There are 2 protein chains.
Amino acid sequence: MQCYAEMIKNSGLKATFQRMTILSVIDKFGHISIDEIYEEVKKTHPTLSLATVYKNILNMVSHNVLTEVPIAGKKSKYEIKKADHIHLVCTNCNSVTDIDVEIPVNSAFEKLAGEESFKISSTQVNIYGVCPNCSKA
Amino acid sequence: MQCYAEMIKNSGLKATFQRMTILSVIDKFGHISIDEIYEEVKKTHPTLSLATVYKNILNMVSHNVLTEVPIAGKKSKYEIKKADHIHLVCTNCNSVTDIDVEIPVNSAFEKLAGEESFKISSTQVNIYGVCPNCSKA
DNA sequence: ATCCTTGCAAATGATTTGCAAGAGT
DNA sequence: ACTCTTGCAAATCATTTGCAAGGAT
């Protein structure tokens, strides 16, 4: 995840300072909610407004720079777009971890969807439970 | 899905008229958002308040009568709780359909989660795309 | 009789919008 | 230069809360 400016320009948006700052925060945290992004971004750029964070997240999601990760009972988190993968969601500490393998089930999904004549565009898999860290305590 | 009163009482809640009405609407529609529930419920019971719908959805989710289905870019929908299964989410008409098979991947999930020492409590799979109806048009 | 639940209205929180000034290409 | 983007404040929308009255067990 080297060049944020390129990612943004390639999507058709202008590479503003605000967007690059937001992207770098998301990249650093992996999965993060809008208000968390704002809190983080404020530390280095106190004038960057919450409205700007909102506008940009929406914008970058619809331009395929970011992906929304909706989570039951919580606010959505956002991540930099990459191939579909599995999320481990800790219901205790609210952390989200990627499992970086191909979703092992895409063929099964396609078969199922095919039976229903459903045209797949993307898949989203959340596994809820307790992460190793929280299990200890 | 015969006896709403039983479902509610078994969960430890009182079987009020409002809860049974809400449950029957969810049952009828399968997957439905809070404001849609309210609109529907108002038709037969105009005095049932939106606050009551909110309170009861939250309550029945935490008492395991309902399950929240979070959807990227949309408001969550709610369904009557049953075994984990796959949702086909149409990004065109916003409909949600169940695929009523065991999630074909639970063993794969467990293996993956096991490698990470992650204790699974539930899984949530959304497949986004275009449903047969919308494909025609 | 007791405790839980409702409905209302108000409070809070989250998100969106309009617009003039400023930044990117 | 031109167009897109920002920041602010206000507007809007979504959700939660407190409390007195009513309902379920």
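Keep in mind the model is a prediction, meaning the values are calculated, not measured. Throughout, a chain's letter reflects where its sequence line sits, starting with A, and its residues are numbered from 1.
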Let me know the distance between [atom1] of [X] and [atom2] of [N], rounded to the nearest Å.
| X | N | atom1 | atom2 | value |
| --- | --- | --- | --- | --- |
| A:F17 | C:dG24 | CZ | P | 10 Å |
| B:E36 | D:dT15 | CD | P | 12 Å |
| A:Y78 | C:dA14 | OH | P | 13 Å |
| B:Y54 | C:dA10 | OH | P | 19 Å |
| B:K55 | D:dG22 | NZ | C1' | 13 Å |
| B:Y38 | C:dT6 | OH | C1' | 13 Å |
| A:L58 | C:dT16 | CG | C1' | 9 Å |

Any chance NZ of B:K28 has more than 12 other-residue heavy atoms, nucleotides or ligands included, within less than 6.0 Å?
no
Is there a side-chain polar atom (N or O) of [X] under 4.0 Å from OP1 or OP2 of [N]?
| X | N | result |
| --- | --- | --- |
| B:Q18 | C:dG7 | yes |
| B:T16 | C:dT6 | yes |
| B:N59 | C:dC4 | no |
| B:S49 | C:dC8 | no |

As a test of reading the structure: which of C:dG7, D:dT25, D:dG7 is closest to the side chain of B:K9, going by heavy atoms?
D:dT25
Nearest-nucleotide 5' precedence on DNA chain C, B:A51 against B:L13:
B:L13
Does B:K14 or B:K75 map to a spot on DNA chain D nearer the 5' end, using the closest nucleotide for each?
B:K75
Could you check A:P46 against B:D35 and say which one's nearest nucleotide on DNA chain D is further toward the 5' end?
A:P46
Mind checking B:L48 for me? I need base, sugar-phosphate or nothing, with any heavy atom below 4.0 Å counting as a touch.
sugar-phosphate
Treating A:H63 as the side-chain partner and A:V61 as the backbone partner, does any N or O pair qualify as donor plus acceptor under 3.5 Å?
no
With distance as the sole criterion, is a donor-acceptor pair present between the side chains of A:S49 and A:T52 under 3.5 Å?
yes
